[in-house]
There are 2 protein chains.
Amino acid sequence: MVSSQVLGERLDVTPAQIRKDLSYFGRFGKQGRGYDVLLLLGRLREILGLDRTWRVCLIGVGRLGQAIAEYGGFGPQGFHIVAIFDSDPNLVGRDLSRHQVKHVDDLEAFLRIHHVDIGIVAVPADAAQGVVDRLVGGGIHAILNYAPMLPHVPRNVAVRNIDPVLAMQSMTFHVKNYQTSAK
Amino acid sequence: MVSSQVLGERLDVTPAQIRKDLSYFGRFGKQGRGYDVLLLLGRLREILGLDRTWRVCLIGVGRLGQAIAEYGGFGPQGFHIVAIFDSDPNLVGRDLSRHQVKHVDDLEAFLRIHHVDIGIVAVPADAAQGVVDRLVGGGIHAILNYAPMLPHVPRNVAVRNIDPVLAMQSMTFHVKNYQTSAK
DNA sequence: TGGTGTGAACTTGTTCACAGCA
DNA sequence: TGCTGTGAACAAGTTCACACCA
């Protein structure tokens, strides 16, 4: 058993926050006891969709794209790459981690036939919006974007950006203010 | 010149939001005309600290750490790696992109002598909190964390986490809800 | 008694709407 | 006239505080 108190300490949020958030999805706790860890974990995994597998496609087979294709961390968490695309004729047709690289022009057609949940974009910045548009056009509602740009998508599409430079830049203001004012 | 209207369209936020946010830092616009793009850009770069260079240290020289050390994208944006650390005796002493890898035990001592603004953590999850603690102990106020865990830091330390799996997991709820209710 | 779930109070953040300046 | 900067209105999100249950 774990209380909202302890959960809050671990996550750096207030106990009230924990309780409010959990209550949004149901009543998982028992008064006077707290939350059953295993039960809570199980319910949250269900609610968040972490108990099933997800079909993912990868676009871009440069150095980064290859690293992503060969990265072993997605599979164990239920994310399975089902297709890989690129625009380079020299790469199309090649094999990469058990997938034959398809041409990105066939992306939308592929998405119409095969169900895909999430797209990973690993193409150069100037090609990224085009790829994102194709994913959205193909009915994708979640995109993991490695290109160093912020794509434009309809509000019903979730995007997560992985851009280490942007992440660094988003901390410099904090560092600057800290160093000058020792806040 | 650019108006808050146009800026808002590009960034998917309301014009009022643009004006409020900018007004927090000063009065950059001209009534009836809008904002001078070059002036605004220059002032924002100054305010955000993007006009200077930042000293960065890297901890962890596994596959990921090596890729980060050799990544060419940080330098042009003013982020310069000034030291590299690891705990593996086989790696300590080796050269990696013009730096001799130092032992992580010397991290805090190094930070006391040399000024470093930002730390990049690229060690396994179970070693990450220890490294983060050493960085914080050494006076670092910004951390880019590649380890798949959420580190515990004092409120005055900024952390950005780069974890593709977590990013994927944070979209599954959205996808699930979209697919079932076509919201 | 201990700790949840939740309405109510409060705080933070966003949008509105308009005075005022180029 | 067009668009900023900003107080005021509003909305969203967080914290408080307590009834209630095991």
Side-chain angles (χ1 to χ4, degrees), chain A residues 1-48 150 152-161 166 169-174 177-178 181 183, chain B residues 1-48 150 152-161 166 169-174 177-178 181 183:
Chain A
M1 300 296 292
V2 64
S3 66
S4 58
Q5 177 72 43
V6 171
L7 241 21
E9 281 163 19
R10 301 262 187 119
L11 300 176
D12 281 333
V13 295
T14 63
Q17 186 78 74
I18 298 280
R19 297 201 300 278
K20 252 296 196 258
D21 287 359
L22 291 179
S23 75
Y24 178 77
F25 295 109
R27 304 161 73 133
F28 308 131
K30 300 206 186 306
Q31 285 116 328
R33 306 279 294 121
Y35 301 88
D36 180 286
V37 175
L38 257 49
L39 186 89
L40 185 60
L41 211 54
R43 288 294 290 119
L44 288 179
R45 293 185 66 85
E46 271 176 52
I47 290 163
L48 297 176
L150 298 177
H152 228 307
V153 294
R155 222 181 322 275
N156 59 30
V157 177
V159 176
R160 296 293 181 273
N161 297 290
L166 188 62
Q169 291 176 330
S170 74
M171 294 191 289
T172 52
F173 180 72
H174 171 91
N177 285 22
Y178 193 87
S181 66
K183 168 183 64 189
Chain B
M1 301 294 292
V2 65
S3 66
S4 58
Q5 175 74 42
V6 170
L7 241 20
E9 283 163 17
R10 302 261 187 119
L11 300 176
D12 282 334
V13 294
T14 64
Q17 186 77 74
I18 297 281
R19 297 202 299 280
K20 248 305 192 253
D21 287 359
L22 292 178
S23 76
Y24 178 76
F25 295 109
R27 305 160 72 133
F28 308 130
K30 295 201 190 313
Q31 284 118 327
R33 308 275 294 118
Y35 301 88
D36 180 286
V37 175
L38 257 50
L39 185 88
L40 184 61
L41 211 54
R43 288 294 291 119
L44 288 180
R45 292 185 65 85
E46 272 177 52
I47 290 163
L48 297 177
L150 297 176
H152 229 305
V153 295
R155 224 181 322 276
N156 60 28
V157 177
V159 177
R160 297 292 180 274
N161 297 290
L166 188 62
Q169 290 176 331
S170 74
M171 294 192 288
T172 52
F173 180 71
H174 171 91
N177 284 21
Y178 193 89
S181 66
K183 168 181 64 190

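In this text, all values refer to a predicted model and were calculated from it rather than measured experimentally. Residue numbers begin at 1 in each chain, while the letters A, B, ... track the order of the sequences.
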Report task. Could you pull out the closest heavy-atom pair between Ser170(A) and Arg160(B), with the gap in Å? Result -> OG-NE, 2.8 Å
Query raised in the report: Of the residues in residues 8-26 of chain A, which ones touch DNA chain D at a heavy-atom distance under 4.0 Å?
Result: Thr14(A), Ala16(A), Gln17(A), Arg19(A), Lys20(A)
Report task. Give the minimum heavy-atom separation between His152(B) and Arg10(A), together with the two atoms involved. Result -> NE2-O, 3.8 Å
Report task. Measure the CG-CZ distance between Leu48(A) and Phe25(A) for me, rounded to the nearest 0.5 Å. Result -> 6.5 Å
Report summary line: Under a 4.0 Å heavy-atom criterion, DNA chain C is touched by chain B from dT14(C) to dA22(C)
**Report entry** Approximate separation, where rounding is to 0.5 Å, of Thr172(A) OG1 and His174(A) NE2
**Finding:** 10.5 Å
Query raised in the report: Are any of the side-chain heavy atoms of Leu44(A) and Leu22(A) separated by less than 4.5 Å?
Result: yes
Report, one pair per line, the protein and nucleotides 19-22 of chain D atoms (nitrogen or oxygen only) whose separation is under 3.5 Å.
residue	atom	partner	partner atom	Å
dC21(D)	O4'	Gln31(A)	NE2	3.4

Requested in this report: Compare all side-chain heavy atoms of Leu150(A) with those of Leu166(A) and state whether any distance is below 4.5 angstrom.
Outcome: yes
Requested in this report: Taking all heavy atoms of Tyr35(B) and all of Leu7(B), pick out the closest pair and write down the distance.
Outcome: CD1-CD2, 4.4 Å
Report task. May I ask you to test the Asp21(B)-Val13(B) pair for a side-chain heavy-atom distance under 4.5 Å? Result -> no
Query raised in the report: Counting N and O atoms only, with roles assigned by atom type, does the side chain of Ser3(B) sit under 3.5 Å from a partner on the main chain of Gly34(B), one being a donor and the other an acceptor?
Result: no
**Report entry** Residue pair Leu11(A) / Ile18(A), side-chain heavy-atom distance below 4.5 Å
**Finding:** yes
